[in-house]
Amino acid sequence: LSRRQRQMCIRDRYDLSFVGDTAHEDKHIDETMMLKVGSKSSLFYSYARFRMDSLIEMDKATGASQEIIQEHMKQGTSQVNYQIFKNYPEGKLTQLEPIAASNFRSEEKTEIPVWELHPDTATFLAYTCYRATCRFRGRNYEAWYTPEIPRSEGPWKLQGLPGLILKASDSRQHYTFVCTGIEKAGKEEAILFIGSEYEPISRKDLLRIHAVSYTHLRAHETCADLV
């Protein structure tokens, strides 16, 4: 896998709200996420990590000291640690995730949800959006996509609609993604892949490690569905 691909990118920021423990469905965890959509692939990860990467890129370009770089690296802390690369490598979805003292790399064949399109419309961020529904990875999802941004992309592993997904949630409201900002890059940007040295693992085994690595088994099996 190449460590870096330069592509024209659209940067989309999402508010993610999810239930960390299904025994307490009224308690949600909130995190800001970033979706970088390139011409060949995409990356979905925490906005804190995106901000940290941007600072470090600037540090390297300006010859900043190791002390400053180390200080900026502390700003990447997030409650969501996975990174999801769609079509990277081609035809596959790759997930990178640190758990405990290990860094894991899970590759799986790209799975496109089977969407049902509906005529309902709504407006998000001044874009006209249309409703679509599907069952995917054991959950029923509703999504709102805009053909005005004709990229078959969305947050997490959601994709396959005739436009960018600006809002999505599952029927139990355990996971909700709402796009809060869209920025089209004026020049090519790097989508950086850092997982070449990560330990390869199957999605099934990654789910199993989630189950045994956390105290609340049921809660983190649910979280693992999202990753």
Side-chain angles (χ1 to χ4, degrees), residues 4-18 28-58 75-76 78-88 93-97 110-113 115 117 121-134 136-137 141-170 173-194 226-227:
R4 184 185 297 263
Q5 286 188 355
R6 299 200 71 86
Q7 308 173 38
M8 290 302 293
C9 284
I10 301 172
R11 294 192 294 259
D12 311 300
R13 189 168 3 175
Y14 290 84
D15 283 344
L16 163 63
S17 180
F18 65 96
H28 283 74
I29 298 171
D30 299 321
E31 187 70 50
T32 303
M33 305 294 290
M34 172 64 71
L35 174 66
K36 293 179 72 173
V37 181
S39 56
K40 298 178 181 178
S41 59
S42 70
L43 167 59
F44 184 68
Y45 62 151
S46 75
Y47 182 75
R49 178 64 185 255
F50 161 76
R51 188 173 55 191
M52 180 192 75
D53 288 348
S54 300
L55 286 171
I56 292 175
E57 284 279 326
M58 190 178 300
Q75 299 185 26
S78 169
Q79 297 181 88
V80 178
N81 292 318
Y82 62 72
Q83 299 179 65
I84 294 175
F85 295 81
K86 296 194 193 85
N87 201 42
Y88 202 76
L93 182 147
T94 301
Q95 178 173 321
L96 305 180
E97 184 169 7
T110 297
E111 181 182 355
I112 305 294
W115 295 97
L117 306 184
T121 61
T123 301
F124 296 102
L125 297 176
Y127 292 97
T128 299
C129 297
Y130 295 85
R131 189 169 75 96
T133 54
C134 74
F136 184 64
R137 298 288 169 87
Y141 284 94
E142 176 185 79
W144 294 86
Y145 67 96
T146 177
E148 295 174 40
I149 304 177
R151 301 304 301 272
S152 185
E153 267 289 354
W156 181 51
K157 300 179 181 181
L158 300 176
Q159 57 185 316
L161 285 166
L164 182 69
I165 296 172
L166 299 190
K167 183 179 180 181
S169 60
D170 73 294
Q173 298 297 305
H174 283 179
Y175 302 104
T176 301
F177 306 88
V178 179
C179 186
T180 59
I182 299 172
E183 181 183 357
K184 297 179 181 179
K187 60 180 181 179
E188 289 188 341
E189 283 189 3
I191 291 184
L192 182 63
F193 183 82
I194 61 169
L226 188 65
V227 300

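Judged by distance alone, the side chain of K86 and the main-chain N or O of G154 form a donor-acceptor pair under 3.5 Å. Between the side chain of R49 and the main chain of M33, no donor-acceptor pair closer than 3.5 Å is present. The main-chain N or O of G160 is found under 3.5 Å from a side-chain atom of S152 such that the two form a donor-acceptor pair.
For the pair D12/E153, no side-chain contact is recorded, criterion being any heavy-atom separation below 4.5 Å from C-beta on. Counting heavy atoms from C-beta outward, L164 and L35 have side chains that approach closer than 4.5 Å. Residues E148 and T128 meet the side-chain proximity criterion, which asks for heavy atoms closer than 4.5 Å. Residues V178 and F124 are not in side-chain contact: their nearest non-hydrogen atoms beyond the backbone lie 4.5 Å or more apart. Within the 4.5 Å cutoff, side-chain heavy atoms of R137 are placed close to those of E111. Two residues are said to be in side-chain contact when any heavy atoms from C-beta on lie closer than 4.5 Å; L125 and Y127 meet this criterion. Taking 4.5 Å as the limit, some side-chain heavy atom of Y14 sits within range of a side-chain heavy atom of C179. The side-chain heavy atoms of D15 and T176, taken from C-beta on, include no pair separated by under 4.5 Å.
Rounded to the nearest 0.5 angstrom, L166 CG and I182 CD1 are separated by 5.0 Å. Summarising the geometry, atom CE belonging to M34 is positioned 13.0 Å from atom CD belonging to Q83; distances are rounded to the nearest 0.5 Å. The OH atom of Y88 sits 9.5 Å away from the CG atom of L43 when rounded to the nearest 0.5 Å. Separating the SG atom in C134 from the CG atom in D170 is a distance of 10.5 Å, to the nearest 0.5 Å. Here the CG atom belonging to N87 is positioned 8.5 Å from the CD atom belonging to Q159, to the nearest 0.5 angstrom. Rounding to the nearest 0.5 angstrom, the gap separating the CZ atom in F85 from the NZ atom in K36 is 9.5 Å.
Closest of all the heavy-atom pairs between L117 and A132 is CD2-CB, 3.9 Å. Nearest heavy-atom pair across P113 and F136 is CG-CD1, 3.8 Å. Pairing each heavy atom of L161 with each of A143, the nearest pair is CD1-CB, 4.1 Å. Contact detail for S39 and R151: the closest heavy-atom pair is CA-NH2, 3.7 Å.
At most 12 heavy atoms of other shown residues, nucleotides or ligands fall within 6.0 angstrom of atom OH in Y130.
S17 pairs by the side chain to side chain contact (heavy atoms under 4.5 Å, CB included) definition with H28, D30, not counting sequence neighbours.
When each of F44, F18, Y47 is tested with V80 by the rule side chain to side chain contact (heavy atoms under 4.5 Å, CB included), just one qualifies, namely F18.
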